[in-house]
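One structure is given below, encoded as structure tokens.
Both ligands and their constituent atoms are indexed starting at 1 by order of listing.
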Amino acid sequence: MIQTLKIIQPDDFHIHLRQQNYLKDTVRYAEKFKKILVMPNLTPPIVSIQQAKIYREEILFYSKNNSLEPYMTLYLNKSLSKQELFEFRDHNWLLGIKLYPSGVTTHSEYGIDKIEEYFSYFELMEKLNIPLLVHAEVNDDNIDFFDREKVFIDLYLSRIRNVFPELKIVLEHVSSKEGVEFVLESQNIAATITPHHLLLTRNDLFLPRLNPHHYCLPVLKTKEDRDFIAKVVLSGNPKFFAGTDSAPHPVYKKECSLSSAGIFTSPIAIELYITFFEKNRCLDKTVIENFLSVNGSKFYHLPINQTTITIVKEIQKIPESYPLGNDKVIPMWANRNLTWKVISN
Ligand code: NCD
Ligand code: ZN
């Protein structure tokens with residue numbers, strides 16, 4: 001039985017670090033990873049290179065030994081000037097532009113309403129080789145909540161792909177069978193996958209009783225969806241890579257009516273991914289390493305990390321909560337035992 005895994009240090013290509021008095025903690029929690037791709041949904045959102053630069057410097061300031069490599073995204077809306085697109089490629093720490101349909105998730109009120117109005121951006125991004133990162137869910141009360149991803153792909157994403165075939169797109173936190181199928185059949189499209197979409201199903205939202213700490217967007221789907229996502233990861237397909245979507249909210253915003261969406265996994269995410277691989281009897285170093293540490297860098301044309309980490313078979317209890325500024329955040333599987341532990345990096 002495998003007791004130790006030594007792999008290239010993993011990257012997290014989708015993380016929410018928040019801001020102000022939460023930032024110091026969230027940066028520390030992310031530090032088992034080497035590269036992190038930081039989402040721009042702050043208040044106000046990051047819509048300029050200058051704002052992204054300042055945010056990145058703050059992140060670096062809090063990073064111990066400067067070991068973390070933060071990469072940044074800009075938030076697509078009308079305030080994002082086209083001039084920024086022309087200058088985007090001058091900064092090697094800028095990786096993509098994030099599309100949030102308005103109202104679909106946390107701080108997406110600044111997001112976009114009519115996708116067609118952004119086709120001129122997509123055209124330019126295609127020309128300038130700037131990836132489009134998509135939160136692929138429709139915001140429509142008439143659509144069944146669990147179908148939001150599928151419908152967004154049918155109505156919008158497939159159209160964007162067809163009109164801009166050379167545009168690099170990342171279907172962020174893919175959560176459905178249809179989402180995976182769409183990536184598989186598309187040329188320039190990749191997807192990030194979270195630990196929770198690999199380990200949980202929508203039953204975990206309701207059983208044993210309603211659990212707000214399992215509520216995230218895109219919402220957890222059926223076992224069939226989860227198993228389909230698992231299969232593509234276990235197959236070693238290079239279009240899929242790790243992005244935790246670790247999205248901390250203070251306890252008071254989770255344990256209340258109108259609970260916020262987001263699952264916090266950052267400090268234990270590598271161990272959660274390894275748990276997924278073990279559960280599926282695939283402790284195959286190459287498959288694990290490609291998914292956690294290689295595929296994403298290749299997609300974004302970044303160098304592969306020189307550093308490694310060691311993960312050992314050892315029981316560690318997930319804390320009941322973690323400090324988040326003056327508040328607390330409850331992680332996925334709080335108080336449960338993990339059987340893997342990252343011991344060095
Ligand atoms: C994210 C957040 O809280 O910022 N929430 C979530 O459930 N994933 C936003 C997002 O990525 O949708
Ligand atoms: Zn996210």
Side-chain angles (χ1 to χ4, degrees), residues 11-20 22-23 25-26 29-30 33 36-46 55 70-77 95-112 131-139 145-146 148-149 152 157 170-176 179 190-200 202 204-205 211-221 229 241-256 258-266 269 272 296 322 324-325 327 329-332:
D11 300 318
D12 180 354
F13 281 102
H14 184 131
I15 186 168
H16 298 272
L17 293 181
R18 311 307 188 202
Q19 62 203 113
Q20 291 157 4
Y22 289 171
L23 192 60
D25 290 325
T26 56
Y29 299 144
F33 291 94
I36 55 169
L37 184 53
V38 183
M39 292 300 122
N41 61 330
L42 308 185
T43 28
I46 305 277
Y55 187 30
Y71 289 87
M72 311 304 286
T73 51
L74 300 184
Y75 194 112
L76 182 63
N77 70 19
L95 291 192
I97 294 179
K98 181 78 190 275
L99 184 166
Y100 291 96
S102 82
V104 86
T105 189
T106 307
H107 301 155
S108 64
E109 57 272 34
Y110 311 97
I112 74 179
L132 175 69
L133 281 45
V134 185
H135 186 114
E137 289 193 293
V138 283
N139 177 16
F145 195 68
F146 291 95
R148 284 183 155 201
E149 183 170 285
F152 185 90
L157 203 54
V170 184
L171 202 181
E172 295 294 340
H173 37 53
V174 64
S175 67
S176 63
T192 51
I193 299 183
T194 73
H196 43 278
H197 290 106
L198 289 169
L199 287 165
L200 305 175
R202 64 191 193 185
D204 294 294
L205 261 171
N211 186 344
H213 303 292
H214 288 166
Y215 175 53
C216 65
L217 292 168
V219 72
L220 296 166
K221 305 289 191 301
I229 303 169
F241 47 89
T244 63
D245 194 20
S246 181
H249 291 278
V251 185
Y252 73 89
K253 285 205 173 166
K254 292 292 283 180
E255 298 183 354
C256 58
L258 302 179
S259 176
S260 296
I263 296 183
F264 175 61
T265 52
S266 193
L272 289 172
Y322 287 84
L324 184 66
D327 299 305
V329 55
I330 294 183
M332 175 175 154

* Walk me through it: do Y110 and Y100 pass the test ring-ring contact (aromatic ring centres under 6.0 Å, His included)? => CA-CA 8 Å; Y110 311 97; Y100 291 96; over 10 Å; no
Atoms of ligand 1 less than 4.0 Å from [X] heavy atoms?
X: H14; answer: 11 (O)
X: A247; answer: 1 (C), 2 (C), 3 (O), 5 (N)
X: A261; answer: 3 (O), 5 (N), 6 (C), 7 (O)

* Taking the six-membered ring for Trp, are the ring centroids of Y71 and F13 within less than 6.0 Å of each other? ->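 Judged by ring-centre distance (under 6.0 Å), Y71 and F13 do not meet the cut-off.
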* Ring centroid separation for H196 and H214, is it under 6.0 angstrom? ->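 Centroid distance H196-H214: not below 6.0 Å, so no.
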* Asked: Should H135 be counted as touching ligand 1, given the test is an N or O pair under 3.5 Å?
  ->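 Yes; the residue has a nitrogen or oxygen that sits under 3.5 Å from a nitrogen or oxygen of the ligand.
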* Nitrogen or oxygen atoms of G262 and ligand 1 under 3.5 Å apart ->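 N/O-N/O distance below 3.5 Å exists for this pair.
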* With 2.8 Å as the limit, jot down which protein N, O or S atoms are around the Zn ion (ligand 2). =>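 Counting only protein N, O or S atoms under 2.8 Å from the Zn ion (ligand 2), the list reads H14 NE2, H16 NE2, D245 OD1.
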* Are any side-chain N or O atoms of T26 and backbone N or O atoms of L23, one a donor and one an acceptor, separated by less than 3.5 Å? ->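 Side chain of T26 to backbone of L23, a donor-acceptor pair under 3.5 Å: yes, one is there.
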* **N41 contact mode with ligand 1 (heavy-atom cut-off under 4.0 Å)** =>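 N41 to ligand 1: side-chain contact only, backbone stays beyond 4.0 Å.
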Which residue and heavy atom of the protein sit nearest [atom], plus the separation:
atom: atom 8 (N) of ligand 1; value: D245 OD2, 2.7 Å
atom: atom 7 (O) of ligand 1; value: L217 N, 2.8 Å
atom: atom 9 (C) of ligand 1; value: T105 OG1, 3.3 Å

Rounded to the nearest 0.5 Å, what separates atom [atom1] in [X] from atom [atom2] in [Y]?
X: M39; Y: M72; atom1: CE; atom2: CE; result: 9.5 Å
X: H213; Y: S259; atom1: NE2; atom2: OG; result: 7.5 Å
X: H135; Y: K98; atom1: NE2; atom2: NZ; result: 7.0 Å

* Any chance the side chains of S175 and K221 put a donor and an acceptor closer than 3.5 Å? ->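 The answer is yes; a qualifying pair exists.
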* Between the side chains of T194 and D245, is a donor N or O closer than 3.5 angstrom to an acceptor N or O? ->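 Side chains of T194 and D245: no pair found under 3.5 Å.
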* Ignoring hydrogens, just give me the one of H173, R18, H249, M39 whose non-hydrogen atom is nearest atom 4 (O) of ligand 1. =>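 The option holding the nearest heavy atom is R18.
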* Asked: Is there a side-chain contact between P40 and T73, using heavy atoms and a 4.5 Å cut-off?
  ->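 Heavy-atom side-chain distance check passes, below 4.5 Å.
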* **F152 and V134: CA distance, side-chain angles, deciding distance, side-chain contact (heavy atoms from CB on, under 4.5 Å) verdict** => CA-CA 10 Å; F152 185 90; V134 185; 3.7 Å; yes
